[in-house]
Amino acid sequence: MGRRPLAALTSVALAVLGVVFLFPPDCAYACSCGGGMGSQKEVAEAALSDSDAVFSGEVVDIDRPSPFKSSAALETDTFRVSESWKGPEGATLKVRTALMGVSCG
């Protein structure tokens with residue numbers, strides 16, 4: 001009896017991941033210097049297990065340091081979370097990242 005809710009939750013999670021791979025949205029990707037090895041499913045599973053947070057959301061605020069000193073300086077981006085698969089739960093999430101893409105921002 002306790003397995004049915006877990007099986008249903010697993011089925012929903014797999015269906016959502018399937019839809020994401022079939023109809024990928026415009027996405028922001030964390031810094032990566034190279035593609036993962038293996039099938040797309042294996043790469044996605046590895047990325048999920050290695051990530052601190054996996055969520056869908058919209059940027060609602062960007063707090064950049066002033067004055068600009070370096071592309072590696074950190075900014076704080078605030079997201080309105082619409083769906084979270086892993087990590088902190090809540091309506092908003094703050095992410096600190098480098099200012100420029102050349103510094104993996």
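What you see is a predicted model; the values in this text were computed from it and never measured. Reckoned from all heavy atoms, side chains included, excluding hydrogens, waters and symmetry mates.
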Self-check item: Minimum heavy-atom distance between Asp52 and Pro88, given as atom pair plus value
Solution: O-CD, 4.3 Å
Practice problem: Give, for atom CG of Leu74 and atom CG of Leu99, the distance between the pair rounded to the nearest 0.5 Å. | Solution: 7.5 Å
Quiz item: So, the side chain of Ser84 versus the backbone of Phe55: is there a donor-acceptor pair under 3.5 Å, distance only?
Solution: no
Quiz prompt | Set of salt bridge (Lys or Arg N to Asp or Glu O under 4.0 Å) partners for Glu75, sequence neighbours left out | solution = Arg64
Quiz item: Is the side chain of Lys94 donor-acceptor paired with the backbone N or O of Thr76 at a distance under 3.5 Å, no angle test?
Solution: no
Exercise. Examine the side chains of Arg80 and Thr92 and answer whether a donor and an acceptor come within less than 3.5 Å of each other.
Key: no
Quiz item: CG/Asp50 to NZ/Lys86 distance, rounded to the nearest 0.5 angstrom?
Solution: 7.5 Å
Quiz item: Any link between Phe79 and Ile62 through a network of hydrophobic side chains (Ile, Leu, Val, Met, Phe, Trp, Tyr) touching at under 4.5 Å?
Solution: yes
Quiz item: Do other residues, nucleotides or ligands put more than 12 heavy atoms under 6.0 Å from the CD atom of Glu89?
Solution: no
Exercise. Report whether Leu93 and Leu48 are members of the same hydrophobic cluster (ILVMFWY, side-chain heavy atoms less than 4.5 Å apart, transitive linking).
Key: no
